Amino acid sequence: MAKQLLLIDGNSIVFRAFFAMHNQIDKFTNKDGLHTAAIYGFKLMLDHVLGNFHPDAALVAFDAGKVTFRTKMYADYKGGRNKTPEELTEQLPYVRELVRDSGLHSYELKDYEADDIIGTLAREGDEAGYETLIVTGDRDLTQLASDHTTVAVTHKGVTDTEHYTPEHVKEKLGITPTQIIDMKALMGDSSDNYPGVTKIGEKTAIKLVKQFGSVEGIYENIDQLKKSKMKEHLVEEEEVARQCKTLATILRDAPIDIKLADLKYNGPQTEKLIDFYQKMDFRSFLKKMNVLPDEQKVEIAPIKYTELTADNLELVTQLGDRGSFYLEMPDANYHTSPFAGFVLGNGEQWLVSRDPELLKTKQVQKWLADSDIKKDVFNAKAQIVGLNRLGLELKGIDFDLLLASYLLNTNDNSNDLGKLAHEHEYTDVQTDEEVYGKGVKRSIPDEDETFFKHLANKARAIEKLRSQLFKQLDENEQLPLYTDIELPLTHVLAKMEITGVHVNAQTLKNMGSKLTERLAEIKEQIYQEAGEEFNINSTKQLGQILFEKLKLPVIKKTKTGYSTAVDVLEKLAPQAPIVENILQYRQISKLQSTYIKGLLKVIHSSDQKIHTRYLQTLTQTGRLSSVDPNLQNIPVRLPEGRRIRRAFVPSHDGWQIFSSDYSQVELRVLAHITGDHNLQEDFKNGEDIHASTARRIFHLKPEEKIDRNMRRRAKAVNFGIVYGISDYGLAQRIHVSRSQAHEFIQSYFKEFPKVKDYIHDTIEFAREHGYVETITHRRRYLPDINAKNFSRRSFAERTAMNTPIQGSAADIIKIAMIKMQDELEKHHLKTKMLLQIHDELVFEAPKEEIPVLSKLVPDVMDSAVKLSVPLKVDSKYGDTWYDLKK
DNA sequence: GTTGTCACG
DNA sequence: ACGTACGTGACAACC
């Protein structure tokens with residue numbers, strides 16, 4: 001086997017590692033206050049690379065300083081770059097130490113960049129018959145790819161890489177690796193700060209390179225080009241193009257004074273590495289190496305606990321007026337999870353047990369149900385539901401660590417108490433993964449001491465973090481959000497989950513058998529049309545049939561092959577009857593697998609109901625999500641799918657399903673937040689908002705009629721505005737030209753000027769503060785808002801403007817739900833709230849309560865908050881979820 | 001475990 | 001020229 005050579009672009013990897021973890025920069029420091037994120041990331045990358053590639057020789061190349069032969073020939077080279085932050089430069093010496101201790105050589109050369117060292121050694125490697133892997137964060141190095149040299153460019157983070165071989169370059173760009181140099185010379189490079197030829201970007205550059213082979217080729221054949229602006233620029237800027245080519249070219253013959261033979265890789269020097277990790281406080285790596293001495297392994301403050309038994313229950317009555325409580329349910333689904341044990345207590349006394357029956361004793365029961373005893377918990381909803389299964393109530397909940405933490409930062413939230421505590425710099429508790437293991441090996445420890453200690457540590461973590469998190473909520477002006485919205489909502493959601501929704505299994509089964517028949521018919525037809533049998537559900541096999549065997553045109557590719565998504569198939573449908581059948585097959589098999597089989601699986605046999613779980617601490621915007629099963633995406637748009645809703649029925653005879661939904665809530669929020677006069681007027685006048693938008697942006701006179709197409713387009717524009725519009729995206733959606741879409745958008749901004757201001761101001765706010773917020777001060781941090789990478793930054797900008805809108809709408813319905821539950825109880829109604837679907841609330845109710853609800857629910861919902869435009873609510877009811885009528 | 005697809009607001 | 005609308009979850013296939 002050929003010898004293997006590993007070449008790492010040290011500086012670019014360090015930069016990548018540093019910026020990949022930039023949003024948690026302060027979490028990565030050692031005890032001396034040294035920042036370590038880049039060192040840590042570099043180490044992750046090394047492990048990852050060496051896990052897959054076993055080099056005989058290895059070198060990390062570094063830049064030797066700012067001045068290089070390139071800056072000498074072109075003063076602006078790499079000019080305009082921001083100064084490297086101190087937090088990064090202080091790490092560089094340690095990266096070199098890590099490299100050395102890991103058994104890799106490192107090298108730098110005055111006047112040359114790391115690229116040139118790598119380029120030179122890669123050539124030598126090629127000539128000496130090595131297989132070479134180059135690891136870098138800089139796409140420019142892909143020009144070095146060859147038959148025996150692969151270039152791995154970090155993609156996201158530092159361990160996710162894209163491997164460039166000559167074939168891969170060809171596939172992506174249609175040119176050879178060395179032609180990348182010509183392409184870059186023409187298009188320029190804004191980060192290296194050389195200009196290229198005016199008006200030539202990637203597309204044009206590739207076209208020219210394909211046609212003429214190289215920059216030199218272009219100028220030899222410049223006469224072949226038709227007269228055009230582009231040609232003028234090329235002729236005028238020939239000097240520039242040629243100079244840029246030199247700048248873009250990585251040297252293959254830098255005057256290095258090392259040889260391949262000097263680069264032998266001998267593996268890490270374990271002793272030194274251990275010292276190094278200790279110096280850096282890299283505990284996870286030390287643990288992996290199994291070198292933490294026992295007492296250091298669990299570097300957790302000692303804790304005392306008492307096992308609760310039938311004989312010492314009086315200890316519970318002595319706990320005072322505040323305590324932590326934690327019931328351990330090892331499965332994520334707390335409706336069905338076993339109970340592994342529990343802990344309750346306070347700083348002085350931690351009482352633990354494996355026996356859930358003890359919770360039912362009168363002492364514990366009383367402690368749990370006493371609302372004067374304040375409870376601190378982790379995931380209150382899970383605890384309420386779990387205890388409810390034991391016939392117990394939990395009252396007086398004050399602090400929910402999970403919920404509070406989510407409000408503080410939706411990004412680094414975790415369902416693992418230990419992990420979450422670590423995020424908040426509290427380390428006297430281990431993660432569940434550490435104590436229970438993961439995957440199939442996950443289990444509750446048999447040894448009492450291990451398990452009980454972990455339980456007690458968890459309860460202590462909750463207690464210790466309470467005041468700190470409350471303080472942070474206060475600083476963010478989020479205490480009302482926590483106290484008046486999220487915590488009361490947890491109780492409402494718990495009730496809804498416990499109530500569950502009644503589902504008629506027989507209805508589903510009947511539908512299922514019909515679908516099975518239809519599926520078999522369509523399948524036969526597809527096989528006939530294809531001329532062979534294959535797995536229609538496999539996109540890979542389907543792609544081969546459609547695009548190779550039947551030779552249909554390829555419209556879109558995914559990163560692994562041909563795309564066969566709906567929009568693609570719809571374009572192909574006129575060309576081959578098989579396509580229509582495949583669309584049918586897809587639709588029906590989706591219904592069959594996800595909705596018929598899927599729902600049947602989760603009906604509880606005890607009550608014929610489905611009990612979903614609402615995740616209250618997951619979304620980035622403040623919406624809820626629903627799992628096990630997801631009841632927020634039951635089909636409604638297509639008639640075939642909609643029938644699934646016939647199986648959702650009331651749980652008592654003589655009851656009905658009642659549902660109310662907000663009309664255009666997000667656009668109303670937009671009108672409120674932006675204060676746009678025209679948008680507010682349209683809502684105040686109670687108009688069909690898409691129609692009035694159409695009237696405005698298409699400049700219709702009052703007597704002119706709005707045709708359907710105009711309304712459809714205006715509706716798409718309205719959605720687009722909420723989502724962070726682009727002309728391209730709008731054009732795709734409504735099948736118009738990009739320039740037409742552009743005009744629509746411009747016209748919209750002219751008619752609704754404050755919307756335009758809002759978008760601008762919100763992005764500015766995010767840039768300055770790093771987050772955006774909703775009407776209730778719900779926050780979303782946007783670490784990418786100042787990213788260099790265009791697409792990441794653009795994405796952050798779109799979310800910056802969308803989140804306050806989507807999130808405020810979520811706030812509104814949450815407030816409505818709390819009020820609604822209050823009203824139901826106040827009026828002693830039997831009605832139960834069952835489901836929330838983002839802008840809709842679904843209830844089951846005795847028929848005689850329907851008239852009450854028809855007034856009460858809309859009243860509560862439209863008065864949930866006071867906006868500068870009215871909220872509108874529509875209600876429907878019927879015998880099943882399918883049959884709802886006004 | 002990741003990817004592609006498709007269900008919802 | 002860039003790369004392409006926001007937020008979710010479940011399933012089947014494939015690695």
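The chains referred to below are lettered A, B, ... by the order of the sequence lines, with proteins before strands, and numbering in each begins at 1. Just so you know, these numbers come straight off a predicted model, no measurement behind them.
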Salt bridge Lys438(A)-Asp432(A), side-chain N to carboxylate O under 4.0 Å: no

Run the side-chain contact (heavy atoms from CB on, under 4.5 Å) test against Thr594(A) and tell me which residues pass, sequence neighbours left out. Lys590(A)

Check every strand shown and say whether Ala716(A) touches a base, only sugar-phosphate, or nothing at a heavy-atom separation below 4.0 Å. base

Donor-acceptor under 3.5 Å (Ser747(A) side chain, Glu743(A) main chain): no

Considering only the C1' atoms, how many Å lie between dA7(B) and dG3(C), rounded to the nearest integer? 26 Å

Output yes when a side-chain donor or acceptor of His611(A) lies under 3.5 Å from a complementary backbone atom of Glu497(A), and no otherwise. yes

When you compare the side chains of Thr799(A) and Asn802(A), does any donor N or O come within less than 3.5 Å of an acceptor on the partner? no

Ala248(A) to Lys184(A) - nearest heavy-atom pair and separation: CB-CB, 4.1 Å

Using atom CZ of Arg613(A) as one end and atom P of dG9(C) as the other, report the distance to the nearest whole Å. 11 Å

Thr799(A) side chain, from C-beta outward: closest of dG3(C), dC6(C), dA5(C): dC6(C)

Quick tally for nucleotides 10-15 of chain C: nucleotides whose base has a protein heavy atom under 4.0 Å get B, sugar-phosphate-only ones S, the rest -, giving BSSSSS

Nearest whole angstrom, please: distance from the C1' of dG7(C) to the CD1 of Ile837(A). 15 Å

Distance criterion of 3.5 Å, no angle test: do you see the side chain of Arg623(A) paired donor-to-acceptor with the base of dG9(C)? no

Interatomic distance where NE2 belongs to His838(A) and C1' belongs to dT8(C) [whole Å]: 6 Å

Please list residues of residues 559-573 of chain A whose heavy atoms come under 4.0 Å from any atom in DNA chain B, ordered by number; otherwise none. Lys559(A), Thr560(A), Ser563(A), Thr564(A), Ala565(A), Val566(A)

Shortest side-chain distance from Leu618(A), nucleotide among dC6(C), dG9(C), dC2(C): dG9(C)

Give a yes or no on whether a donor-acceptor pair under 3.5 Å exists between the nucleobase atoms of dT4(C), that is its base, and the side chain of Ser726(A). yes

dT4(C) and dT3(B): how far apart are their P atoms, nearest whole angstrom? 16 Å

Checking all strands, does Thr204(A) fall into the base, sugar-phosphate, or nothing category for heavy-atom contacts under 4.0 angstrom? sugar-phosphate

Arg779(A) and Tyr771(A) side chains, donor-acceptor separation under 3.5 Å: yes

Taking only Watson-Crick and G-U wobble pairs with both distances under 3.5 Å, what dot-bracket line describes DNA chain C, where [ ] shows pairs that cross earlier ones and | shows pairs with another strand? .....|||||||||.

Arg778(A)/Asp811(A) ion pair, N-O < 4.0 Å: yes

Residues in side-chain contact (heavy atoms from CB on, under 4.5 Å) contact with Met820(A), at least two apart in sequence or another chain: Leu824(A), Met833(A), Phe843(A), Leu856(A), Val857(A), Val860(A)

Determine whether a donor-acceptor pair (one donor, one acceptor, N or O, separation below 3.5 Å) exists between the side chain of Arg738(A) and the base of dT4(C). yes

Please classify the nucleic acid contact of Arg586(A) as base, sugar-phosphate, or nothing, using heavy-atom distances under 4.0 Å. sugar-phosphate

For Glu840(A), which contact category applies under a 4.0 Å heavy-atom criterion: base, sugar-phosphate, or nothing? nothing

Using modelled atom types and a 3.5 Å cut-off, is there a donor and acceptor pairing between side-chain atoms of Arg623(A) and backbone atoms of Ala810(A)? no

Starting at atom CG of Asp839(A), determine the distance to atom P of dG7(C), rounded to an integer number of angstrom. 17 Å

Side chain Arg645(A), main chain Ile634(A), donor-acceptor under 3.5 Å: yes

We want to know whether Arg738(A) and Gln732(A) form a side-chain donor-acceptor pair, criterion being a heavy-atom distance below 3.5 angstrom. no

Please state how far atom CD in Glu797(A) lies from atom C1' in dC2(C), giving the value in whole angstrom units. 12 Å

Is there a donor in the side chain of Arg780(A) and an acceptor in the side chain of Thr803(A), or the other way round, less than 3.5 Å apart? yes

Whole angstrom value for the distance that separates C1' of dG3(C) from CG of Asp727(A): 11 Å

Where Pro635(A) and Ile644(A) come nearest, the two heavy atoms and their spacing: CG-CG1, 4.4 Å

Provide the start and end nucleotides, 5' to 3', of the part of DNA chain B that has atoms under 4.0 Å from heavy atoms of chain A. dT3(B) to dG9(B)

Rounded to whole angstroms, how far apart are CG on Leu173(A) and C1' on dA1(C)? 14 Å

So, taking the atom named CG in Asp416(A) and the one named OG1 in Thr431(A), what distance separates them when rounded to the nearest 0.5 Å? 5.0 Å

Once you round it to whole Å, what is the distance between P of dA5(C) and CZ of Arg798(A)? 6 Å

Within the structure shown, what part of the strands sits under 4.0 Å from Ile805(A) by heavy-atom distance: base, sugar-phosphate, or nothing? nothing

Toward the 5' end of DNA chain C, which comes first, Phe790(A) or Leu624(A), by nearest nucleotide? Phe790(A)

